[in-house]
Amino acid sequence: MPSALPLGDPVPTDGRFPPEVIQALPARADKPFGLYVHIPFCSVRCGYCDFNTYTAADLGPGASHQSYPETVMAELEFARETLDDAGAPDRALSTVFFGGGTPTLLPAGELARILHRVHELFGFAPDTEVTTEANPDTVTPESAQILAEAGFTRLSLGMQSAVPHVLRTLDRTHDPENVPAAHAAAQAAGLETSLDLIYGTPGESLQDWSRSLESAIALRPDHISAYSLIVEPGTAMAAQIRRGELPDIDPDDQADKYVMTDQMAQAAGYEWYEVSNFARGGNKRSQHNLNYWQDSDWWGAGPGAHSHLAGMRWWNVKHPAPYAQRVQQGISPGHGRELLDAEATVLEYLMLRLRIVDGLDVAEFNTLPQLGQSESSPITQELLRQLTEEGLAEASAAQPSEYYPEGRIVLTLQGRLLADAVTRRLVT
Ligand SMILES: C[S@@+](CC[C@H](N)C(=O)[O-])C[C@H]1O[C@@H](n2cnc3c(N)ncnc32)[C@H](O)[C@@H]1O
Ligand code: SF4
C-alpha cells in the first residue's frame, strides 16, 4: 500500500486559506500557475512503486474509474471557488499535468472531458503545456489523436527498461514492443514525447542499462527522464530484498549508470536540465516540472495530491473513497497543510536550485528574506571557490557577471552525483 501522509495542521472544511496566504497572493500574479490532476488507477501495482494508486480490485464502487472524472471535476470547481474567495490574482494555467497512477487507463475521451472543464474554469496561457503520463499498453493511434485534438501537447511514457529480465524484476506487465508503437502513435498525433527509464534495478548489468538507453534514444523522444531506482519502505520489492530474494541496490552501480546516462544522452543531443531529466533543446524541457523546482504555485487535484500556493503546502486525503465522499459533499478534500517556515524555505530553495542546470544564483540566495531568520549562513565566495576546486561546481558559472554579481552554483557531473552532500554543506 502507498505510504502514509505527512502530518500538518488540519484543513478547514471550507478550504479557506489562512490570512498570511491571502495577503501574499497578489504578489504572486507573475508567477506561473500549474495544475496537477492525479489519476489513481493502475491495472497492476509494480512491486517497486509507492505512488498513490490502486487496482480496480483494491477499490469499491465508491471510487470507480467510471465515477472518477465527475469527482475530480468537482474538486476543480471547488478550487476555482476557493481561489476566487481568497481574491487570488486571475492567472491562466501555464501547465497542466495528468499523472498517476496511469491516467490512460481512463478512456481518452474522459481525459479530454476533464481537460475541457479545466480550460473552462481556469483558462490557458499562450502555449500552455499539457502533459499526460501513460503506460505503453494503454496508448493507441486513436487515443493519441483524441488527446491531441483535446489540447494535450505532450505524452510521457513509462518505458522503464528495454530488457525483459529487468522488466520482470520491476513487475512491469507492459509488452516492450508497445513502447515504440505507443511512441509512434504519440508522434503521429503531433504530441511531444518523453520516456521514463529506471536504472539500478537488482540484477541489471551495465550492458542491460546501456541497451535500455540505446533503445530509448533510438526512438528520438523529445525528452528522457532517467530515475535511479529507489527501494521504498513497505513496497513488495523492499520485502523481496529483506528476504534475500533480490540483491539490494548498489549506490556505486547506480553512480556508474548515471555517468553512462549523461554521456550517452549528451552524445545523442540530449542536455541535462535537472539531475534526472534530459531534453533535446531548451524548449523541450518539462515546464510543469521546472515550475515545481522554481517556487511556482500549483493546485494538485485528486486523492493524495499535493498543492503549493504562496508559501503554503497542503495535501489531500489519500484514499479515493473518502476523497470522493468529501468533494461530493462540497467540502475540502484537504487532509493537512503547513506554512513553510524560514528554515524549510531556505532548505527547499537550496535543494531545488542545485538540481537544475540554471543553478543557484548566489546573490539571490544571500538576499532571501528568510535567510536571516534561519540557521543558515550566506554563501561566501570562499565556499564557492572550494566547490569549484573540488570539481563539484562549474568554474565558468561561479564567475561573477552582470546578471549574477556573486556567481551561480551549477553542479558538474561529479557534483550531481553528490548533490545531497553539496546541499548539506550549504545549509551549515
Ligand atoms: C506515475 S509513473 C508513470 C506512468 C505509468 N504509471 C507507468 O509507470 O508507466 C511515474 C514514474 O515514476 C517512476 N518511479 C516510480 N516508482 C519509482 C521508484 N521507486 N524509483 C524510481 N522511479 C520510480 C517510474 O519511472 C514511472 O514511470
Ligand atoms: S504502472 Fe506506474 S504508477 Fe502504476 S504501479 Fe507501476 S510505476 Fe506505479
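Keep in mind the model is a prediction, meaning the values are calculated, not measured. When a ligand or atom number is given, it counts from 1 through the structure's own listing order.
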Among protein heavy atoms, which lies nearest atom 20 (N) of ligand 1, and at what distance? Ile230 N, 3.0 Å
For atom 10 (C) of ligand 1, find the nearest protein heavy atom and state the residue, atom name and distance (0.1 Å precision). Glu133 OE2, 3.7 Å
Enumerate donor-acceptor pairs with a distance under 3.5 Å from any side-chain N or O in residues 30-42 to protein atoms, sequence neighbours excluded.
unit_1 : atom_1 : unit_2 : atom_2 : d
Tyr36  : OH     : His38  : ND1    : 2.7
His38  : NE2    : Asn52  : O      : 2.8

Do the ring planes of Tyr292 and Trp298 sit parallel (below 30°), tilted (30 to 60°) or perpendicular (above 60°)? perpendicular
State if Glu133 counts as touching ligand 2 under the rule of any non-hydrogen atom under 4.0 Å. no
Can you list the atoms of ligand 1 that are under 4.0 Å from a heavy atom of Ala134? 9 (O)
Nearest-option assignment for atom 6 (N) of ligand 1, heavy atoms, candidates Gly101, Pro103, Pro136, Ser225: Gly101
In sequence, state the C-alpha distance, the side-chain angles, and the governing distance for Tyr323 and His319, and then conclude on ring-ring contact (aromatic ring centres under 6.0 Å, His included). CA-CA 6 Å; Tyr323 165 81; His319 196 277; over 10 Å; no
Subset of ligand 1 atoms that lie under 4.0 Å from at least one heavy atom of Asp196: 3 (C), 10 (C), 11 (C), 25 (O), 26 (C), 27 (O)
In the shown structure, where waters are left out, how many protein N, O or S atoms lie under 2.8 Å from atom 4 (Fe) of ligand 2? 1
Output the list of atoms in ligand 1 that are nearer than 4.0 Å to some heavy atom of Ser228, sorted by atom number. 20 (N), 21 (C)
Contacting atoms of ligand 1, where contact means under 4.0 angstrom from a heavy atom of Tyr48: 15 (C), 16 (N), 17 (C), 18 (C), 19 (N)
In terms of atom number and element, which parts of ligand 1 are under 4.0 angstrom from non-hydrogen atoms of Thr102? 6 (N)
Taking only heavy atoms of Ile198, which atoms of ligand 1 are found under 4.0 Å from at least one of them? 22 (N), 23 (C), 24 (C), 25 (O)
What protein heavy atom lies closest to atom 7 (S) of ligand 2? Include the residue and the distance to one decimal. Tyr48 OH, 3.2 Å
Assess the side chains of Thr261 and Trp209: does a donor N or O sit below 3.5 Å from an acceptor N or O? yes
Taking only non-hydrogen atoms of Leu229 and a 4.0 Å limit, the atoms of ligand 1 in range are 20 (N), 21 (C)
Glu81 and Arg16 ion-paired at < 4.0 Å: no
Taking only heavy atoms of Gly100, which atoms of ligand 1 are found under 4.0 Å from at least one of them? 1 (C)
Counting non-hydrogen protein atoms only, what is the nearest one to atom 26 (C) of ligand 1? Give residue, atom name and distance. Gln160 NE2, 3.4 Å
closest protein heavy atom to atom 13 (C) of ligand 1 is Tyr227 CD1, 4.0 Å
What protein heavy atom sits nearest atom 2 (Fe) of ligand 2, and how far off is it? Arg172 NH1, 3.8 Å
Considering only protein heavy atoms, which is closest to atom 15 (C) of ligand 1, and at what distance to one decimal place? Phe51 CE1, 3.2 Å
Which heavy atom of the protein is the closest neighbour of atom 8 (O) of ligand 1, given with residue, atom name and distance? Arg172 NH1, 2.8 Å
